[in-house]
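Owing to the predicted nature of the structure, the values given are computational and were not obtained by experimental measurement. Every chain is numbered from 1, with letters handed out A, B, ... down the list of sequences. Reckoned from all heavy atoms, side chains included, excluding hydrogens, waters and symmetry mates.
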Protein chains: 2
Amino acid sequence: MTNPFVDKIRGYAPLSRDDEQLLDDACHQSRSLPPGHDLIREGAPSAVFVVLAGWACRYKMLPDGGRQIIAFMMPGDFCDLHAGVLAEMDHSIATLTKARIATIPRARMEALIDARPSLSKAFWWTQLVDEGVLRATIVSMGRRTTMERVAHLLCELCFRMRNIGLTGDGPYEMPFSQIVLADAVGLTPVHTNRVVKKLREAGALEMRPGSVIVSDLARLAKIAGFDDNYLHGRLNHRSG
Amino acid sequence: MTNPFVDKIRGYAPLSRDDEQLLDDACHQSRSLPPGHDLIREGAPSAVFVVLAGWACRYKMLPDGGRQIIAFMMPGDFCDLHAGVLAEMDHSIATLTKARIATIPRARMEALIDARPSLSKAFWWTQLVDEGVLRATIVSMGRRTTMERVAHLLCELCFRMRNIGLTGDGPYEMPFSQIVLADAVGLTPVHTNRVVKKLREAGALEMRPGSVIVSDLARLAKIAGFDDNYLHGRLNHRSG
DNA sequence: CGATCGGTTGAGTGACGTCAACTTTCGTGG
DNA sequence: CCACGAAAGTTGACGTCACTCAACCGATCG
């Protein structure tokens, strides 16, 4: 019964048996959802969503119908310590694949934070890491070529997958379409396709309808100029 | 002797006299710095920087010499709860104008957080707001036209200036060059200049060498499609 | 008074978006 | 088992937007 949420938090702070139990219990109310399901303004009016299995993303729709994906979420990631704290939600969250999502009522989360300083700090740190990811995204969008940009995003996702043990060192399969990829890198699907084609010809990727497969991460990282330090993969206090 | 840092934190949590005193004391060690001065890896090996006066920014240099500005900082903003926490700094921080910067040793910050839950929460919340700003930046870079993008950034800065009482409703003068602006929106200085020209012709801006002046914020906001909700301007518990 | 830095403008190029057609895959129902 | 339709992917032609290169202007500062 391994809970990816607990695993993630354990990566940021030594947890007592009690702490782990509390975290795991908090996830007991979970649902299985289809791809493309919107989470926000759902269930309890202000709750924290935790991805237990599958993929999700934060995104924003624009008046002209365009969509920008702001961040990807994979098992262990949690959606929001905000919703409750800050009045309005300026973006949405949706599943990208079939996913299992836990909903933790805001009050329960508050209680956890107040009762357990170690958890509170761990949450805080995950937040800092997320912020680092957002900063890296901004750099990519502002100053990298489209090829570097796509490669950089895929690299990041590969490293994150590996960090949480979703995959080994083997090929990394990401279960989303080129359209999703396009929405994330800020390009049109057509042009994204052309970039992906070049990456494939460079031997870094393979494709299957509905998923991207990174077959040669080292090559991809070289193309992207990728440096994983900002992900702070695993901090040093992994307690045994 | 009003301290913008204290003012900002007070915006996020009711502070006792004691709290305010603690915060203010923490800023007592401050320096005046010239424009373009790099802060990171400076002073104490891991410290928190607080902007007391002037402007600063986070930025990242790329191998090809390009620079991406990731975030602007104005009085009251603080630079880093990270530096110490997460091992490596993946970007830099620099002054944009002559600025007064306080340096709070990491240990002292830790002590404050541990001793005062109310401060801890307030810090956390400022972090959430900062994250919202980063998300908005990503949306701009990915899906807005260059004109909207420049306008959106300037709008954001105007609102933030007003929120902290840096200016009234009057014209908003931002003391940086078009080059800085270009580094922030991810365009070349030349093209930024052309965009700025159009905004000027639209009657939203004026320019002076070394600064941008927003003379008609409403017009600019309309061009940008700007909605300030993500800034969470002032939360509701401003204690008297 | 010259040097430097920011700003301004023009001409030419390349990258990315748009539009449109066509293919492949997959799921569904006859 | 096959037929169909929907959704993803692929490719080409073409237009526009943003970059590059280059020249020049205007302030400010030593």
Legend entry - Derivation and outcome, salt bridge (Lys or Arg N to Asp or Glu O under 4.0 Å), residues D77(B) and K8(B): CA-CA 8 Å; D77(B) 293 337; K8(B) 171 164 179 167; 2.6 Å; yes
Legend entry - Contact list for DNA chain C against residues 59-73 of chain B - heavy-atom distance below 4.0 Å: none
Inset, instruction - Classify the nucleic acid contact of T146(B) as base, sugar-phosphate or nothing, counting any heavy atom under 4.0 Å across all strands shown. - result: sugar-phosphate
Inset, instruction - First locate atom CD1 of I213(B), then atom CG of D216(B), and finally report the distance between them rounded to the nearest 0.5 Å. - result: 14.0 Å
Inset, instruction - Anything under 30° is parallel, anything over 60° is perpendicular, the rest tilted; go ahead and classify H152(A) against Y230(A). - result: parallel
Legend entry - Ion pair check, D169(A) and R162(A), cut-off under 4.0 Å: yes
Inset, instruction - Would you mind reading off the distance between L96(A) atom CG and dA7(D) atom P, rounded to a whole angstrom? - result: 17 Å
Inset, instruction - Can you tell me the distance, in whole Å, between the CD atom of E148(B) and the P atom of dC17(D)? - result: 13 Å
Legend entry - Donor-acceptor side-chain pairing of Q127(B) and Q127(A) below 3.5 angstrom: no
Legend entry - Side chain R67(A), main chain A184(A), donor-acceptor under 3.5 Å: no
Inset, instruction - Send over the distance from R200(A) CZ to dT11(D) C1', rounded to a whole Å. - result: 12 Å
Inset, instruction - Measure the acute angle between the ring planes of F176(A) and W55(A), then classify it against the limits of 30° and 60° as parallel, tilted or perpendicular. - result: perpendicular
Legend entry - Residues Q178(A) and T192(A): side-chain donor-acceptor under 3.5 angstrom: no
Legend entry - Pairwise distance CZ(R143(B)) to CD1(I138(B)) - rounded to 0.5 angstrom: 13.0 Å
Legend entry - Test item: Q68(B) side-chain N/O and Y59(B) main-chain N/O as donor-acceptor pair under 3.5 Å: no
Legend entry - Close approaches to DNA chain C from residues 176-194 of chain B, in residue order (heavy atom, under 4.0 Å): S177(B), Q178(B), I179(B), V190(B), N193(B), R194(B)
Legend entry - Heavy-atom contact window of chain B on DNA chain C, given 5' to 3' at under 4.0 Å: dG6(C) to dA11(C)
